[in-house]
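I have placed the structure first, in the form of structure tokens, so that the comments after it can refer back to it.
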There are 2 protein chains.
Amino acid sequence: MGTVDVPEATVARLPQYLRALAALADAGLRTVSSEALAEAVGVGSAKLRKDLSHLGSYGTRGVGYDVAGLHRQIADRLGQTTPWNVVIVGIGNLGHALAGYGGFASRGFRVVGLFDDGTQVVGEVVNGLRVRPLADLGAVVRPGEPTIGVLAVPVEHAQGVCDRLVAAGVTSVLNFAPTVLRVPADVDVRKVDLASELQILAFHAQRRAVRSSVPAPTATVGERIGEVV
Amino acid sequence: MGTVDVPEATVARLPQYLRALAALADAGLRTVSSEALAEAVGVGSAKLRKDLSHLGSYGTRGVGYDVAGLHRQIADRLGQTTPWNVVIVGIGNLGHALAGYGGFASRGFRVVGLFDDGTQVVGEVVNGLRVRPLADLGAVVRPGEPTIGVLAVPVEHAQGVCDRLVAAGVTSVLNFAPTVLRVPADVDVRKVDLASELQILAFHAQRRAVRSSVPAPTATVGERIGEVV
DNA sequence: TAGATTGTTAATCGATTAACAATC
DNA sequence: TAGATTGTTAATCGATTAACAATC
């Protein structure tokens, strides 16, 4: 119990639990049941207990979980006890917005560098940071302290810029460019694909539309109809 | 075979396949094997063939898939043949960026409305669209044509604004606020949680760090060590 | 002690993967 | 026909869920 493998699906939910616990603590709650915490996060209580069991046991039977204790425990696991440095590369529309996004700082992330090679934007000050040319990456990314690189460049530059991030010592990358990045095995890449999200919503919407209009008229007695929704 | 259930995991990959096929078509390719297409998307060829089999069969044994035909087929399934209307609510940092994001238009999404109730921003023109007060939602969201709502408001307003989107007839919501939205069963919500993405990266990075430093010194002969990475 | 709630077990479900027969 | 590659089968894996014994 402890450092052993936490399933990926569980890891992805830890930030949600953490946020809900912070809200409960703010509300003055000392203790919370798996039922109540699960409800706040929108999952089932069994799933929540299973998830927490992967971190070790921090609940008390008959009572529930200590809000502050569980919060500390999860924050610890997410590495939130020490601040993480973040550099943002590509200060266009999206990079600008990310540079000013308040949600990062409040979760223990420090944006320590903004980079772009566009002659327009280099030198501009965004949210208190001057935009620097990519050549300066090495001056900001210190091999000692872990740094997360956020890629917000146009898709055609993504791989090249990613290579430079990796060369500078970045081993965690959040990629907003809609492309598959090739990286060494020790580099972790996550992708946020905004257009994809809309396409997935569109798929579901179209499926709902088709299912609510087509099946009824075309079905004949005795035919089997696929389950609706 | 056809309109029947496509697994969620497959749906999430369809946009990636579509993009890769567009690139192959641009490059002049007529035909592509599952091996080559899978490589371009960064998945295994077996997974790709399985995914495509859920759409019906469009490949030719011994030859591969017709690039244009498969592209059309997937675009169809994603509802990309008809344009989708998108409204963005909350024109702050992020909303601004999304309003100007080129990736939406190129995938068949039309941003048709920008909304905000901040006195500062209402009336401002962003990317050719005037920001309107939320009260105008009904004038833009037409019950007839499907509209996707993008929520980029501060977390404390998210639920309230979501309710208004739903009341206006929106049944697909992309939520950037870090909160669980309560919606009727016929409304589809997807969530993009930027801070969460960084937290997940931080979790992995910390795990890598712990595993590469701690286990070796503390392990004793005969002890079993958890598998590394 | 009685009531409440956890942590865990076991069953189920969905997704991935490898292998290969079908077939172009 | 011989070589290539699909579509499908079956095995495996990981995640979810319900139920309940352990225990506060």
Side-chain angles (χ1 to χ4, degrees), chain A residues 1-2 4-14 16-17 20-21 24 29-67 69-71 73-74 77 200 203-204 207 226-227 229, chain B residues 1-2 4-14 16-17 20-21 24 29-67 69-71 73-74 77 200 203-204 207 226-227 229:
Chain A
M1 31 19 247
V4 209
D5 75 312
V6 180
E8 261 312 299
T10 297
V11 173
R13 283 186 293 265
L14 293 181
Q16 325 307 321
Y17 298 153
L21 286 163
L24 292 170
L29 274 267
R30 290 300 187 75
T31 265
V32 67
S33 69
S34 62
E35 191 67 52
L37 182 54
E39 154 73 19
V41 178
V43 302
S45 67
K47 187 187 279 185
L48 171 69
R49 289 197 301 277
K50 185 90 184 166
D51 281 343
L52 296 184
S53 78
H54 292 296
L55 307 186
S57 290
Y58 290 86
T60 307
R61 288 159 136 107
V63 177
Y65 299 87
D66 180 73
V67 172
L70 186 55
H71 183 279
Q73 161 69 3
I74 296 179
R77 284 309 198 88
I200 294 167
F203 177 93
H204 290 147
R207 175 152 63 182
E227 72 290 349
V229 173
Chain B
M1 27 28 244
V4 209
D5 74 312
V6 179
E8 261 311 298
T10 297
V11 173
R13 284 186 292 267
L14 293 181
Q16 325 305 322
Y17 298 152
L21 286 163
L24 292 171
L29 275 267
R30 290 302 187 73
T31 263
V32 67
S33 69
S34 62
E35 191 67 52
L37 181 54
E39 154 73 19
V41 177
V43 302
S45 68
K47 187 188 279 186
L48 171 69
R49 289 197 301 279
K50 185 93 189 165
D51 281 344
L52 296 184
S53 79
H54 292 296
L55 307 186
S57 290
Y58 291 85
T60 306
R61 287 160 136 108
V63 178
Y65 298 86
D66 179 72
V67 171
L70 186 55
H71 184 280
Q73 160 69 5
I74 295 179
R77 282 309 196 89
I200 294 168
F203 176 93
H204 291 147
R207 175 153 62 183
E227 73 290 349
V229 174

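Values below: all heavy atoms of this structure, side chains included; hydrogens, waters and symmetry mates excluded. So that the names make sense, note that chain A is the first sequence line, chain B the second, and so on, each numbered from 1. Nothing here was measured: the structure is a model prediction, and the numbers come from that model.
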Which whole-number value in Å describes the distance from Leu48(B) CG to dT5(D) C1'?
-> 12 Å
Rounded to the Å, how far apart are Arg49(A) CZ and dT17(D) P?
-> 13 Å
Matching residue for Tyr65(A) among Thr31(A), Leu24(A), Leu52(A) - test: side chain to side chain contact (heavy atoms under 4.5 Å, CB included) = Leu52(A)
To the nearest Å, give me how far apart CG (Leu52(B)) and P (dT6(D)) are.
-> 9 Å
Atom-pair distance (CG on Asp66(B); C1' on dT5(D)), nearest Å | 15 Å
Looking at Ser34(A), does any N or O in its side chain come under 4.0 Å of the phosphate oxygens OP1/OP2 on dT5(C)?
-> no
Sugar-phosphate, base or nothing in reach of Ala9(B), heavy atoms under 4.0 Å | sugar-phosphate
When you match Thr60(A) and Lys47(A) each to their closest nucleotide on DNA chain D, which lands nearer the 5' end?
-> Lys47(A)
Rounded to whole Å, the NE2-C1' distance (His54(A) to dT6(C)) equals 15 Å
Could you state the CG-P distance from Asp51(B) to dG7(D), rounded to the nearest angstrom?
-> 12 Å
Pairing partner (Watson-Crick or G-U wobble, both distances under 3.5 angstrom) of dT12(D) = dA15(C)
Kindly say whether, by distance alone, the side chain of Arg61(B) makes a donor-acceptor pair under 3.5 Å with the base of dT6(D)?
-> yes
From Tyr17(A) OH over to Leu48(A) CG, what is the distance, rounded to the nearest 0.5 angstrom?
-> 5.0 Å
What is the pairing partner of dA21(D), taking Watson-Crick or G-U wobble pairs with both distances under 3.5 Å in any strand?
-> dT6(C)
Per the side chain to side chain contact (heavy atoms under 4.5 Å, CB included) rule, which among Leu21(A), Asp66(A), Leu55(A) passes with Gln73(A)?
-> Leu55(A)
Is there a side-chain polar atom (N or O) of Tyr65(B) under 4.0 Å from OP1 or OP2 of dA4(D)?
-> no
Between Ser33(B) and Lys50(B), who's closer to the 5' end of DNA chain D by nearest nucleotide?
-> Ser33(B)
Value in whole Å for how far the C1' atom of dT17(C) lies from CD of Glu35(B) | 13 Å
Taking for each residue the nucleotide of DNA chain C bearing the nearest heavy atom, is the 5' side occupied by Ala46(A) or by Gly62(A)?
-> Gly62(A)
Greater than 12 external heavy atoms within 6.0 Å of Glu35(A)'s CD = no
Rounded to the nearest 0.5 Å, what's the gap from CG on Leu14(A) to CD1 on Ile200(B)? Could you check?
-> 8.5 Å
Could you tell me whether Gly44(B) contacts a base, only the sugar-phosphate backbone, or nothing, with contacts defined as non-hydrogen atoms closer than 4.0 Å?
-> nothing
